[in-house]
Amino acid sequence: MIPITKPFLPPCEEYYKLLEGVWKRQWLTNMGPLASELEMKLKNSLNVSHLLYVTNGTVALQMAIKALGLKDEIITTPFSFVATTSSIVWENCTPVFVDIDKDTLNIDASKIEAAITEKTSAILATHVYGNPCDVVAIQKIADKYNLRVIYDGAHAFGVNVNGKSIFEYGDITTCSLHATKLYHTIEGGLVITKDSNLLKELAYIRNFGFDGPEAFACLGLNGKNSEFHAAMGLANLRHIEAIHEKRKELTERYDEKLKGLKAYKPRWHKEANLNYAYYPLVLESEELLLKIKSVLELNEIFVRRYFYPSLASTLPYLESKHLEVTDRVSKSVVCLPLYFDLTLEEIDLIARLILRTQNN
Ligand SMILES: Cc1ncc(COP(=O)(O)O)c(C=O)c1O
């Protein structure tokens, strides 16, 4: 069986070694020493101004919206994981969907201005599959209309643009460190900002709004993460280069073996490095996708329609909106298996089955 993904796990001795310290200290959560060490190491290795380690990527988005005090309408992408949209609704704001660019699969910056109204407070865009949005164009629009910018960087761990972390763009960027991500802490997330005042606000929000043991600075939630999660993060961080190298090798093998396929990959930002988080393909048609999916499943190989369906047309708590590019792409996009333990031989088999199905 070849699943769509498998979490990376470090040698268990490395994890247990870190847990010995947890047992000694009996400090399990509430910003313990491992969580602080992880924050420091991630801040340095990602080269970002300020970073907080939080419960997960969804809470990170909610915290970002709350910290910026956003209201009313938030312009966003319909081509993302549901948490990008649901956190907007959860924070009592209204998502306004703008169609995506067919080549990059990110929000189409040239269509944002037409969606701005007096009620627009922000733009929340996803760096889909880790491919950076047009951050320069988006910031220009935000400056012109006095809007805040949040990036959902759930997929973008380790991506730099023009030599600078992609997490440094916008007012706040969030990241997910969920077990399915290329770098993970089992469950986990990050909020990143260049603004030290925002950092302070986010830190209060993460800890119920507490300002000392008997005072409150603001409305907060429980956005903390535990020492057990941080230990996994520290153990995994030691292997990040090997993870990156392996994913690169696997990706290049897919590229080589799938040359004859009638499909395209998202056009990557030309100033950015790849992080090999996913292997997405936009196929010629939904029909071909369904055929490939079922042949692979017969061979116990599992792919994922990621992202399908469009968030603009399927959520029961929102009015349905038809968006031409998103509707078309989401019906024909598929992510192939990609994880550290996958072998080149398995990729060859997947590619052979895909090409044979197309050519039949
Ligand atoms: C684009 C995107 N945003 C947000 C999330 C939510 O992250 P988490 O699962 O850590 O809450 C995910 C998770 O898959 C995601 O892919």
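When a ligand or atom number is given, it counts from 1 through the structure's own listing order.
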Rounded to the nearest 0.5 angstrom, the CG-CE distance for L177 and M232 is 12.5 Å
Mind checking whether Y276 and H244 have ring centres under 6.0 Å apart?
-> yes
Proximity of Y151 and Y169 rings by center, below 6.0 Å = no
Verify whether one side chain among N30 and K224 offers a donor that lies under 3.5 Å from an acceptor in the other.
-> yes
In terms of side-chain heavy atoms, does Y279 have a donor or acceptor partner in D255 at a distance below 3.5 Å?
-> yes
Sequence-distant partners of D195, side-chain hydrogen bond (donor to acceptor under 3.5 Å, both in side chains), two or more places apart | none
Under a 4.0 Å heavy-atom cut-off, which residues neighbour ligand 1?
-> N56, G57, T58, S80, F81, A83, T84, T126, D152, A154, H155, S176, H178, K181, G188, Y306
